[in-house]
Amino acid sequence: MSRLRTVPRPLLGLLVAVLALGVAFTLVTPYLQAPDENSHFGYVQYFAETGQLPGTKPGAPGFTTEQYNASLSSNSDQAAAQKDVPMSWSKSAFEQFRATERGYTAQQRKDAGGPNPASSNPPLYYLIETPAYLVGKGGDVFTRLELTRLVSVLWVLVTTIGAWLLAGELFGRDRLMQLAVAGFTGLAPMVLFVSSSVSPDGMLYATWAFALWLGVRLLRRPLTLRAVLALFAAVGLGCVVKATSFALFPPAVVAVALALWRERPELDLGRVVKVGAAAAAGVVFTLGIWVAVSRLNHQAAAAQVGVVSSGQFNVREFLSYLWQFYLPRLGFMSDFRSVAPTLPFWDIEFKGSWASFGWLEVLFPTWVYFVLLAVSVAAMVGAFAGLWRDRVRIDWRVAAFLAVVVLSLYAGLHVSEYRQLKGGASNFFQGRYVLPLAPLAAAALARTIAWAPQRLRGQVVGGTLAAFVVLNLFSLGLILQRFYA
Amino acid sequence: MRSRLGILGAFTGVIVVGVLLFALVVALRQTPRAFSIGVQSAGAVVTLKDGQEVCQAPIDVPAGGAFDRVRVRLGTFSRPGPPVALTVHDASGATVARGFLAGGYPDITEQTTHALKLDHRIAAGTRGLRVCLENRGSNRLGVYGNGDAAASGSTAKLDGKAANVDVELVFERAPRSYGSELSSILDRAVLFRSPRLSSALYLVLLALLVAAAIGGVAVALRGVSAEDAPPPPPERS
């Protein structure tokens with residue numbers, strides 16, 4: 001209890017709010033109606049039931065009989081991404097499935113093991129989900145799904161805490177600004193929705209929030225080996241959650257390099273070696289363990305990295321693809337076809353990072369996104385204007401670190417998509433893939449609010465947090481309307 | 001010291017406006033949809049010549065799904081659309097409702113769907129219906145739908161022979177607000193889910209969670225307003 005008292009009350013209150021909304025999303029989102037949730041739950045089920053990683057049995061189905069039949073009965077596979085197709089509304093079909101499921105053998109809960117789209121993911125997230133699955137083993141598949149979703153929700157609490165800590169480094173111990181940054185992060189509808197589904201993305205956001213905090217902290221304080229170890233351990237952990245986190249290596253190296261640069265002219269080679277060893281230790285005892293395990297299992301440790309780094313790369317073509325992601329194609333450009341109805345940035349990245357639920361087909365009316373665009377643009381303008389105004393005082397090393405984080409993530413995502421499109425595959429980029437940067441976006445919005453007169457800042461933050469809660473209320477209603485009305 | 005009243009007032013004000021707006025949307029926004037069989041059209045799945053008929057069966061009307069019109073997607077191959085007769089048969093084969101679409105309508109590029117009004121309302125809970133569309137004109141008629149897996153447990157037949165497709169059918173009635181449909185919405189939302197809750201308990205639980213979220217943020221803001229604001233940064237010389 002005394003430890004709880006040391007947690008600032010604003011953070012405690014916020015965590016209650018985030019947890020409540022996260023649980024609400026778990027209860028409203030229908031069976032497997034979150035992006036790739038069927039694959040991720042299938043991974044958890046197979047791992048929990050057999051102790052083996054999925055994708056190791058070529059020729060075997062990707063999902064168990066139980067999961068497949070539940071999808072059939074509930075119509076979840078048909079409904080996924082098809083906005084006019086509802087979930088099953090049949091009570092008799094539900095009762096029939098439950099009666100049938102009671103007769104399932106243990107084998108029918110583990111008769112998968114073939115490739116599923118998530119099977120190339122590292123196992124850390126799924127390992128953590130396994131106890132929740134096993135607790136629900138006496139129940140039906142829907143019980144096990146709900147339990148694993150509830151464990152997943154805990155990651156959004158970690159993300160919120162990471163954002164709070166990051167804000168503490170960026171804005172000092174200004175509780176209002178910390179509440180704003182943590183609140184805008186934890187109450188962002190897509191962060192909540194994704195984190196409340198069975199998906200490693202929720203844990204990814206949490207590891208990135210802490211990596212961002214540790215990187216800024218490393219630069220704001222005298223460099224210690226412990227700080228370096230912690231930062232690279234967070235990066236390594238992130239890589240064992242999802243390969244996206246390899247994008248954290250460049251900024252982590254930049255952060256350490258900048259911190260070492262600050263120590264000159266006292267800096268010597270021995271110091272550099274020690275710092276390097278601390279960084280290596282952080283990676284070895286996290287990512288290194290997974291690499292060793294994956295080699296023993298004859299599996300790729302980071303299959304997705306292979307996509308980014310392999311294949312042809314034409315700079316002019318890539319720039320053309322990049323242009324077409326954000327802007328209309330010019331006549332002389334080759335056509336990088338997208339599934340987006342208009343601009344990929346708008347339809348996929350922007351809408352997907354603010355509010356697109358289900359398998360991304362559940363959307364608000366377009367005008368809502370225009371309002372959110374205005375808020376986002378205002379946040380960016382306000383943040384950059386704030387940087388300019390504070391240019392004498394701000395720590396440019398921190399700014400450089402954060403800029404490299406953003407550039408590294410976007411570079412990885414865009415290069416991956418470019419290579420996939422060149423290879424004939426469909427689009428790769430999703431709005432939720434940029435949500436590891438949610439704490440930075442939240443910090444930008446908070447910095448914009450800081451332009452308000454001091455005496456009004458609290459009201460503006462309070463009103464904005466309320467707006468986030470209301471947006472979540474409408475999001476929950478939208479999901480119910482889409483599947484059940 | 002920050003003004004606690006001001007901060008909480010701003011928060012509460014936006015929450016109240018937001019909740020009221022939400023309640024207004026639920027009360028005023030209407031939908032004509034009773035239910036669908038869950039087929040998302042990928043194109044014309046059957047072509048009906050004069051006198052040919054396609055039937056989709058069996059169709060069960062869910063709770064709250066009473067309907068008196070059927071919306072279909074039809075293609076006319078760039079010709080004026082032929083008259084279409086729609087019949088609804090019960091499980092015994094008796095005709096329980098009829099609808100008619102007069103000929104002359106444009107192709108799908110100009111009018112994507114057509115709602116055929118029935119002469120009788122079909123009650124919720126009716127099971128084993130068969131819904132048929134017959135081409136009563138000389139021009140060809142494309143009926144839209146998707147592969148046979150689209151509607152689980154139901155399939156289409158062309159002139160009595162298996163067509164291995166599903167026809168897109170959306171069942172409607174006079175527009176009603178989402179609020180008036182809330183009971184049906186919740187009854188459906190508690191299915192294929194755990195824990196097993198009644199729809200009333202489900203609604204109460206969701207309301208409590210939203211209330212907890214509002215309360216949590218209020219507590220957070222109260223905690224912030226209890227602290228002194230940090231001093232403003234020094235002005236640049």
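Only this structure's heavy atoms are used, side chains among them; waters, hydrogens and symmetry mates stay out. Proteins come first, then strands; the chains are lettered A, B, ... in the order of their sequence lines, and each starts at number 1.
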What part of [X] is in contact with chain A, defined as an atom under 4.5 angstrom from a non-hydrogen atom: side chain, backbone, both or neither?
{"X": "B:R127", "value": "side chain"}
{"X": "B:Y178", "value": "side chain"}
{"X": "B:Q40", "value": "both"}
{"X": "B:V170", "value": "neither"}
{"X": "B:L21", "value": "both"}
{"X": "B:A218", "value": "neither"}
{"X": "B:Y202", "value": "side chain"}
{"X": "B:R196", "value": "side chain"}

List the atom of [X], the atom of [Y], and the distance in Å for their closest heavy-atom pair.
{"X": "B:I214", "Y": "A:V469", "result": "CG1-CG1, 3.9 Å"}
{"X": "B:S194", "Y": "A:D140", "result": "CB-OD1, 4.2 Å"}
{"X": "A:L21", "Y": "B:A213", "result": "CG-CB, 3.5 Å"}
{"X": "A:V16", "Y": "B:A212", "result": "CG1-O, 4.1 Å"}
{"X": "A:A485", "Y": "B:I185", "result": "CB-CD1, 3.8 Å"}

Winner by heavy-atom pair count (cut-off under 4.5 Å) against chain B, out of [options]:
{"options": "A:S73, A:G139, A:S92", "result": "A:S73"}
{"options": "A:V28, A:L15, A:V460", "result": "A:V28"}
{"options": "A:M87, A:Q78, A:Q178, A:E146", "result": "A:Q78"}

Which of the residues [options] is involved in the greatest number of heavy-atom pairs with chain A at under 4.5 angstrom?
{"options": "B:F11, B:F192, B:F35", "answer": "B:F192"}
{"options": "B:V190, B:L206, B:V219", "answer": "B:L206"}
{"options": "B:P195, B:G18, B:A189", "answer": "B:A189"}

**Request:** Could you tell me whether the side chain of B:R188 and the main chain of A:W89 form a donor-acceptor pair under 3.5 Å?
**Result:**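 No; zero donor-acceptor contacts below 3.5 Å.
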
**A:L27 backbone acceptor or donor facing B:R193 side chain under 3.5 Å** =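 Yes; at least one donor-acceptor contact below 3.5 Å.
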
**Prompt:** Where does A:L473 contact chain B at under 4.5 Å (heavy atoms): side chain, backbone, both or neither?
**Reply:**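 Contact with chain B is through both the backbone and side chain of A:L473.
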
**Request:** Count the heavy atoms belonging to other residues, nucleotides or ligands that lie under 6.0 Å from CD of B:Q30, then report whether that count exceeds 12.
**Result:**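 Atom CD in B:Q30 is packed in, count exceeds 12.
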
**Message:** Would you say that B:V25 contacts A:F474 through its side chain, given a criterion of any heavy-atom pair below 4.5 Å between the two side chains?
**Reply:**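 Yes. Closest side-chain heavy atoms under 4.5 Å.
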
